[in-house]
Enquirer: 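This structure is in structure tokens; I'll ask about it shortly.
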Amino acid sequence: GDQSLFHKHVLDSVIVTAHGAKIRVEKLGEPQALIFQAETGRLIFGDFQSHALIHRVANIDDHPVVFIDCEVGVPQSGQFGTPDRSGAPAYVSEIDNERIRAWRMKLEPGQSVPSITQSGPGVRVVLSGDQFKETVQGAPDRDVRVQQGNYEWQPAGKTRAITNIGNAPLELVEFEVK
């Protein structure tokens with residue numbers, strides 16, 4: 001039943017639907033609102049630097065909806081190296097454009113993914129799972145307890161691997177700024 005105020009997006013954004021629900025989206029100046037199901041795990045790139053968006057969003061469902069909206073504060077691409085996770089096939093590329101590259105990763109309990117190096121800064125969003133171990137080059141391993149909707153900043157230059165040490169399948173979405 002909650003609704004946002006009208007607000008303006010002017011920076012490019014990566015938007016992850018962490019908890020889906022039925023929503024109504026009204027664009028300022030347009031007579032017809034859009035009503036649709038925001039699916040959990042949906043990942044989109046908003047090209048708002050070239051096409052600003054003024055809208056408001058209402059949750060018309062009977063449970064919460066959660067969006068993780070990460071604005072890309074770097075004004076243009078080319079600030080960081082080319083993201084490459086080809087050596088870790090569990091990372092499946094979902095978005096690859098001039099501004100960002102985003103992946104989805106799914107691991108069953110006990111599965112792991114080889115080390116990757118974060119080329120540019122980005123964010124990790126948890127869609128499912130309860131715990132994983134992160135091995136970071138030059139730092140002690142850390143056990144991370146998670147729940148749906150958790151997110152974490154990922155700095156450029158970090159080399160890391162993940163093992164699902166939990167009892168549930170782990171699904172993450174990660175992106176890097178180019």
Side-chain angles (χ1 to χ4, degrees), residues 4-21 23-30 33-34 36-57 65-107 113-129 132 134 136-137 144 146 148-162 170-178:
S4 72
L5 297 173
F6 275 105
H7 58 280
K8 186 174 186 176
H9 294 270
V10 295
L11 295 176
D12 290 344
S13 294
V14 179
I15 304 162
V16 181
T17 306
H19 292 276
I23 62 171
R24 182 182 68 243
V25 178
E26 298 174 77
K27 292 183 182 178
L28 187 63
E30 291 190 13
L34 301 172
F36 63 93
Q37 180 69 32
E39 298 291 336
T40 298
R42 185 169 181 230
L43 173 66
I44 63 170
F45 176 77
D47 181 14
F48 301 129
Q49 280 185 193
S50 62
H51 300 94
L53 172 65
I54 301 173
H55 71 157
R56 69 178 167 195
V57 179
V65 64
V66 177
F67 298 103
I68 309 296
D69 183 345
C70 304
E71 293 181 330
V72 178
V74 179
Q76 58 188 348
S77 59
Q79 307 284 326
F80 305 99
T82 302
D84 180 20
R85 298 188 184 184
S86 59
Y91 285 99
V92 177
S93 181
E94 291 212 1
I95 298 174
D96 188 4
N97 62 33
E98 63 196 34
R99 301 284 284 139
I100 62 105
R101 184 147 189 208
W103 301 265
R104 183 177 307 268
M105 182 188 62
K106 297 177 182 180
L107 294 176
V113 62
S115 292
I116 58 97
T117 299
Q118 187 89 18
S119 298
V123 172
R124 166 194 296 149
V125 178
V126 177
L127 298 174
S128 68
F132 65 85
E134 184 175 52
V136 178
Q137 187 176 18
V144 183
V146 295
Q148 184 180 12
N150 287 158
Y151 59 92
E152 184 178 20
W153 171 256
Q154 299 296 309
K158 187 162 117 177
T159 299
R160 58 189 164 79
I162 292 176
L170 177 67
E171 182 176 358
L172 308 173
V173 172
E174 295 186 359
F175 76 87
E176 295 182 30
V177 175
K178 290 184 177 180

Enquirer: Does F132 reach the side chain of V146, with side-chain heavy atoms less than 4.5 Å apart?
Expert: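 Side chain of F132 against side chain of V146, heavy atoms only: contact under 4.5 Å found.
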Enquirer: Would you say V10 and K8 make side-chain contact, with heavy atoms under 4.5 Å?
Expert: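 Yes; the side chains approach each other to less than 4.5 Å.
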Enquirer: So, using side chain to side chain contact (heavy atoms under 4.5 Å, CB included) as the criterion, who are the partners of R42 when residues are at least two apart?
Expert: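 With sequence neighbours excluded, R42 shows a side chain to side chain contact (heavy atoms under 4.5 Å, CB included) to T17, F36, I44, given in chain and number order.
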Enquirer: Sequence neighbours left out, what passes side-chain hydrogen bond (donor to acceptor under 3.5 Å, both in side chains) with E94? Give chain and number order.
Expert: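 Counting only residues at least two positions away or on another chain, E94 forms a side-chain hydrogen bond (donor to acceptor under 3.5 Å, both in side chains) with R104.
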Enquirer: Let me have the donor-acceptor pairs involving side chains of residues 154-161, under 3.5 Å, with sequence neighbours excluded, atom names and distances please.
Expert:
| from | atom 1 | to | atom 2 | distance (Å) |
| --- | --- | --- | --- | --- |
| Q154 | OE1 | R160 | NE | 3.0 |
| T159 | OG1 | T117 | OG1 | 2.8 |
| T159 | OG1 | Q137 | OE1 | 3.4 |
| R160 | NH1 | E174 | OE1 | 3.3 |
| R160 | NH1 | E174 | OE2 | 3.3 |
| R160 | NH2 | Q118 | OE1 | 2.5 |
| R160 | NH2 | E174 | OE1 | 2.9 |

Enquirer: Test of understanding: with side chain to side chain contact (heavy atoms under 4.5 Å, CB included), list the residues that count as partners of I95, not counting sequence neighbours.
Expert: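 So I95 forms a side chain to side chain contact (heavy atoms under 4.5 Å, CB included) with L43, F45, N97, I100, A102.
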Enquirer: Could you list the residues that satisfy salt bridge (Lys or Arg N to Asp or Glu O under 4.0 Å) with D96, not counting sequence neighbours?
Expert: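 Listed in chain order: R101, K178.
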Enquirer: If we check side-chain contact (heavy atoms from CB on, under 4.5 Å) with L127, which of these qualifies: E171, H19, M105?
Expert: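 When side-chain contact (heavy atoms from CB on, under 4.5 Å) is applied between L127 and each of E171, H19, M105, only E171 qualifies.
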Enquirer: Under 6.0 Å from the CD atom of E152, do we count more than 12 heavy atoms belonging to anything else shown?
Expert: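 Correct, the count exceeds 12.
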Enquirer: Looking at every non-hydrogen atom in both residues, tell me the closest pair between G87 and P114 and how far apart they are.
Expert: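 Where G87 meets P114 most closely, the heavy atoms are O-CG, 3.6 Å.
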Enquirer: Mind checking what makes side-chain hydrogen bond (donor to acceptor under 3.5 Å, both in side chains) contact with N150, not counting sequence neighbours?
Expert: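 Listed in chain order: nothing, the list is empty.
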Enquirer: What pairs meet the side-chain hydrogen bond (donor to acceptor under 3.5 Å, both in side chains) rule with one or both residues in residues 73-82, with sequence neighbours excluded?
Expert: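 Qualifying pairs, neighbours excluded: none.
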Enquirer: Taking it one step at a time, do Y151 and V126 satisfy side-chain contact (heavy atoms from CB on, under 4.5 Å)?
Expert: CA-CA 6 Å; Y151 59 92; V126 177; over 6 Å; no
Enquirer: Which pair of non-hydrogen atoms, one from F6 and one from E26, has the smallest distance, and what is that distance?
Expert: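 That closest heavy-atom pairing would be CE2-O, 3.6 Å.
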Enquirer: Under the side-chain hydrogen bond (donor to acceptor under 3.5 Å, both in side chains) rule, collect the residues that match up with E134, sequence neighbours excluded.
Expert: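 With neighbours one apart ignored, the set is R124, R142.
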Enquirer: Would you please name every residue forming a side chain to side chain contact (heavy atoms under 4.5 Å, CB included) with V65, sequence neighbours left out?
Expert: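 Applying side chain to side chain contact (heavy atoms under 4.5 Å, CB included) to V65 gives A21, I23, N59, F67.
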Enquirer: What is the distance from atom CD1 of I116 to atom OG of S86, rounded to the nearest 0.5 Å?
Expert: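 It comes to 11.5 Å.
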Enquirer: Return the CG to OG distance between L107 and S128, rounded to the nearest 0.5 Å.
Expert: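 Atom-to-atom, L107:CG and S128:OG are 10.0 Å apart.
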Enquirer: List the atom of T40, the atom of Q148, and the distance in Å for their closest heavy-atom pair.
Expert: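 Scanning both residues completely, I find the closest heavy atoms to be CG2-NE2, 3.2 Å.
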Enquirer: What are the two closest heavy atoms between L5 and H7, and how far apart are they?
Expert: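 Taking L5 first and H7 second, the nearest heavy atoms are O-ND1, 2.9 Å.
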Enquirer: Less than 4.5 Å apart, side chain to side chain, heavy atoms only: is that true for E176 and S119?
Expert: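 When only atoms from C-beta onward are counted, S119 and E176 do touch, with a gap below 4.5 Å.
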Enquirer: Taking all non-hydrogen atoms of both residues, which atom of V72 and which atom of R99 are closest, and how far apart?
Expert: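 For V72 versus R99, the nearest heavy atoms are CG1-NH2, 3.3 Å.
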Enquirer: Under the side chain to side chain contact (heavy atoms under 4.5 Å, CB included) test, which residues partner F48, sequence neighbours left out?
Expert: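 Side chain to side chain contact (heavy atoms under 4.5 Å, CB included) check on F48 returns H9, S13, I15, L53.
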Enquirer: May I have the step-by-step check of side-chain contact (heavy atoms from CB on, under 4.5 Å) for Q49 and L11, ending in yes or no?
Expert: CA-CA 5 Å; Q49 280 185 193; L11 295 176; 4.1 Å; yes
Enquirer: What's the verdict on side-chain contact (heavy atoms from CB on, under 4.5 Å) for L172 and W103, showing C-alpha distance, side-chain angles and the deciding distance?
Expert: CA-CA 8 Å; L172 308 173; W103 301 265; over 6 Å; no
